[in-house]
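All residue numbers in this chain count up from 1 along the given sequence.
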Amino acid sequence: MVKPAAVITVVVVVLLCLGVAAAAGRSTAHRTAAPQVITVGTDGCGRGLGEAHSGRLSYRVRNGGASPEEVTVLDQDHRYAYGALELLAPGTTRTLVVLLPPGSYSFSCEADSGTIGYSDPFKITGRPVSGVHRWLPATYGQLANAVSRYRASVGAGLSRLAADTDRLAAAVKDHDHQLAEQRWLTAHLDYERLGAAYGTFGDFADRIDGRPDGLPNGVHDKDFSGFHRLEYALWHGADADDVRRATDRLDRDVHELVSVFGRQITDPNDVALRTHEVLENTLQFELTGATDQGSHTNLATAKANLDGTRMTLAALTPVLRHNDPALLATATRSLDRLGQVLAADHRGGRWLGLDELSTNGRERLDGTLAQTLEQLAPIPTELEILTTHDDG
């Protein structure tokens, strides 16, 4: 789940990933040409384009209009995309880096009104280049189907979560502290596997899995609730009444979420975005121990976040298999590698605590997760659609 804050490590990784996504080509063997400056917006799409040599090209794109623009480099048939800027705000300039082989291309500019304009074709001349990456842009219908598949998985996960918080409440009622800790972890991992749905859950995300950061009284604040509030109580020797109140509140919130989920809205772009964002927050909050309230189960949570990312990718698989099978294969392999690294930290039926990791083990985990984020970063860019108008 997303938790507010920032750490230097994640900022570096995010910047790296955004650069990779913008390039939409993962080869580094080509020198980037000097930037061309083009304008989009009310004066047209791609004014200032000229011929260029094949290779890695850099375009400084300025939006001179009054509407956000989705800017994409397409082939001459307007079928395949080679690079994109997700949403270019009015009056701003950003750099689009793209790897292009010889051929004829054009820019497309889609405003938030749904209007799409195209530049005049422009030529790329020169030698063939390796590492070119192209994909089919996603449609609203494709993402709507992906959201439906994902919501079905979330619905099943919420049913498991509610059953497990009921069992947790029963253990607390029976004053079985050890069993309560075990069932707390089971239920918490249920929730963490639903990572891509936190935008849909709204206020329930903080009520069920929020942290005490920023609350006036910290862990003792009346608004601190959910799994981490109960974690603090269980692992810090709180009295039985305090544990029971925290458990009952959590159980009520979970059941209320189950009852309202069918009426909550999932943005079509959320599933693709979370394939990257969930593990980004794992690196930021779980592998730094920022969420730990005494259970030292961050690595178990990291594995649950990986499971949740796999669930989002499964919902997107039909789209990616059609639009960009190479990216799907790369993303799947990277998640498998991360799973293998995490599995090494589950020993003797228990997960290691962060402080039990060796230096080499910690470096391997951090490095593998950072590489996984790099491989997943193009998915939100390739599958994003404008949703401020009727894409249907």
Exercise. Is the side chain of Asp75 donor-acceptor paired with the backbone N or O of His78 at a distance under 3.5 Å, no angle test?
Worked result: yes
Exercise. Is the shortest heavy-atom distance from the side chain of Trp135 to the side chain of Leu320 under 4.5 Å?
Worked result: no
Exercise. Does Val71 belong to the same Ile/Leu/Val/Met/Phe/Trp/Tyr cluster as Ile116, with side-chain heavy atoms less than 4.5 Å apart forming each link?
Worked result: no
Exercise. Has the side chain of Ser119 got a donor or acceptor atom that lies under 3.5 Å from a matching backbone atom of Gly46?
Worked result: no
Exercise. Nearest 0.5 Å, what's the OG-NE2 distance between Ser295 and His188?
Worked result: 8.0 Å
Exercise. What is the minimum heavy-atom distance between His276 and Pro380, and which atoms define it?
Worked result: CB-CG, 4.1 Å
For this session: Indicate, with yes or no, if Leu283 and Leu273 share a hydrophobic cluster defined by side-chain heavy-atom contacts under 4.5 Å among Ile, Leu, Val, Met, Phe, Trp and Tyr.
Result: no
For this session: Among Leu161, Thr297, Thr301, find the residue that satisfies the side-chain contact (heavy atoms from CB on, under 4.5 Å) test when tested with Leu189.
Result: Thr301
Problem set entry | Residue pair Asp77, Arg79: steps toward the salt bridge (charged side-chain N to carboxylate O under 4.0 Å, His left out) verdict | CA-CA 5 Å; Asp77 297 322; Arg79 176 172 171 80; over 6 Å; no
Exercise. Does any N or O in the side chain of Arg60 come within less than 3.5 Å of the main-chain N or O of Val37, such that one atom is a donor and the other an acceptor?
Worked result: no
Problem set entry | Trace of the side-chain contact (heavy atoms from CB on, under 4.5 Å) decision for Asn298 with Lys303 | CA-CA 9 Å; Asn298 295 95; Lys303 174 58 167 60; over 6 Å; no
Exercise. Going only through I, L, V, M, F, W and Y residues with side-chain contacts under 4.5 Å, is there a path from Val61 to Ile124?
Worked result: yes
For this session: Start with the C-alpha distance between Thr266 and Arg151, add both sets of side-chain angles, then the distance that settles side chain to side chain donor-acceptor pair (under 3.5 Å), and finish with yes or no.
Result: CA-CA 8 Å; Thr266 300; Arg151 285 180 63 90; 2.8 Å; yes
Exercise. Just wondering, do His322 and Gln142 contact through their side chains at under 4.5 Å, heavy atoms?
Worked result: yes
Problem set entry | Phe107 ring center near Tyr118 ring center (under 6.0 Å) | no
For this session: Report the distance from atom CG of Leu230 to atom CD of Glu181, rounding to the nearest 0.5 Å.
Result: 9.5 Å
For this session: Report yes or no: does Thr125 contribute a side-chain atom to a donor-acceptor pair with the main-chain N or O of His53 at less than 3.5 Å?
Result: no
For this session: Evaluate the criterion side chain to side chain donor-acceptor pair (under 3.5 Å) for residue pair Glu382 and His133; output intermediate values, then yes/no.
Result: CA-CA 11 Å; Glu382 292 193 13; His133 182 73; 2.8 Å; yes
Exercise. Applying the salt bridge (charged side-chain N to carboxylate O under 4.0 Å, His left out) test to Arg229, which of Asp223, Asp242, Asp221, Asp248 qualifies?
Worked result: Asp242
For this session: Mind running salt bridge (charged side-chain N to carboxylate O under 4.0 Å, His left out) on Asp366 and Arg362 for me, showing each step along the way?
Result: CA-CA 6 Å; Asp366 287 347; Arg362 182 55 187 261; 3.2 Å; yes
Exercise. Is it the case that Gln371 and Ser334 place a side-chain donor and acceptor less than 3.5 Å from each other?
Worked result: no
Exercise. What do the steps show when you test Leu279 against Leu335 for side-chain contact (heavy atoms from CB on, under 4.5 Å), and what is the final call?
Worked result: CA-CA 10 Å; Leu279 287 178; Leu335 293 176; 3.8 Å; yes
For this session: Evaluate the ring planes of Tyr191 and Phe227, with Trp represented by its six-membered ring, and classify them as parallel (under 30°), tilted (30 to 60°) or perpendicular (over 60°).
Result: tilted
Problem set entry | Full working for side-chain contact (heavy atoms from CB on, under 4.5 Å) between Phe122 and Glu51 | CA-CA 6 Å; Phe122 63 96; Glu51 290 190 4; 6.0 Å; no
Problem set entry | Pair Gln375, Thr330: side-chain N/O donor-acceptor within cut-off below 3.5 Å | no
Exercise. So, do Glu110 and Thr115 sit near enough that their side-chain heavy atoms are less than 4.5 Å apart?
Worked result: no
Exercise. Are more than 12 heavy atoms from other residues, nucleotides or ligands located less than 6.0 Å from atom CG of Asp203?
Worked result: no
Exercise. Minimum heavy-atom separation for Ser104 to Lys123, with atom names?
Worked result: CB-NZ, 4.0 Å
For this session: Find the distance between CG (Asp166) and CZ (Arg183) and round it off to the nearest 0.5 Å.
Result: 10.5 Å
Exercise. Given side chains that start at C-beta, do those of Glu384 and Leu143 come closer than 4.5 Å, heavy atoms only?
Worked result: no
Problem set entry | Between OH on residue Tyr82 and OG1 on residue Thr72, distance to nearest 0.5 Å | 13.5 Å
For this session: For residues Asp324 and Ile379, determine if any side-chain heavy atom of one lies less than 4.5 Å from a side-chain heavy atom of the other.
Result: no
Problem set entry | Distance, nearest 0.5 Å, that separates CD of Glu277 from CG of Leu373 | 11.0 Å
Problem set entry | Atom of Val97, atom of Ser58 and distance for their closest heavy-atom approach | CG2-OG, 4.2 Å
Exercise. How many angstroms lie between atom CG of Asp239 and atom CZ of Arg245, to the nearest 0.5 angstrom?
Worked result: 6.5 Å
Exercise. Does Arg62 reach the side chain of Ile38, with side-chain heavy atoms less than 4.5 Å apart?
Worked result: no
Seminar exercise, completed: Between Thr165 and Ala187, the two heavy atoms sitting closest are CG2-CB, 4.0 Å
Exercise. Same cluster or not: are Leu185 and Leu234 linked, directly or through other Ile, Leu, Val, Met, Phe, Trp or Tyr residues, by side-chain heavy atoms under 4.5 angstrom apart?
Worked result: yes
For this session: Output yes when a side-chain donor or acceptor of Ser54 lies under 3.5 Å from a complementary backbone atom of Arg127, and no otherwise.
Result: yes
Exercise. Taking NZ, NE, NH1 and NH2 as the nitrogens, is one of them in Asp190 or Arg160 under 4.0 Å from a carboxylate oxygen of the other?
Worked result: no
Problem set entry | Steps toward side-chain contact (heavy atoms from CB on, under 4.5 Å) verdict (His296, Glu356) | CA-CA 10 Å; His296 308 316; Glu356 296 178 90; over 6 Å; no
Problem set entry | Residues Asp164, Thr186; criterion side chain to side chain donor-acceptor pair (under 3.5 Å); working and verdict | CA-CA 7 Å; Asp164 284 337; Thr186 297; 5.9 Å; no
Exercise. Any sub-3.5 Å donor-acceptor pair from Thr368's side-chain atoms to Leu365's backbone N or O?
Worked result: no
For this session: Look only at the side chain of Thr282 and the backbone of Asn305, and say whether a donor-acceptor pair between them is shorter than 3.5 Å.
Result: no
For this session: Answer yes if Leu257 and Phe224 sit in the same cluster of Ile, Leu, Val, Met, Phe, Trp and Tyr residues linked by side chain heavy atoms under 4.5 Å apart, and no otherwise.
Result: no
For this session: Please name the pair of heavy atoms, one in Val147 and one in Pro268, separated by the smallest distance, quoted to 0.1 Å.
Result: CG2-CA, 3.8 Å
For this session: Might you work through the side chain to side chain donor-acceptor pair (under 3.5 Å) test for His228 and Thr291, ending with a clear yes or no?
Result: CA-CA 8 Å; His228 292 302; Thr291 61; 4.9 Å; no
Problem set entry | Smallest separation among heavy atoms of Pro121 and Ser106, with atom names | CA-CB, 4.4 Å
Exercise. Taking C-beta and beyond as the side chain, do Leu287 and Leu299 meet within less than 4.5 Å on heavy atoms?
Worked result: yes
Problem set entry | Ring geometry between His220 and Tyr232 (parallel below 30°, tilted from 30 to 60°, perpendicular above 60°) | perpendicular
Exercise. Do the side-chain N and O atoms of Glu69 and Asn63 include a donor-acceptor pair separated by under 3.5 angstrom?
Worked result: no
Exercise. Going by heavy atoms in the side chains, are Arg350 and Leu352 under 4.5 Å from each other?
Worked result: yes
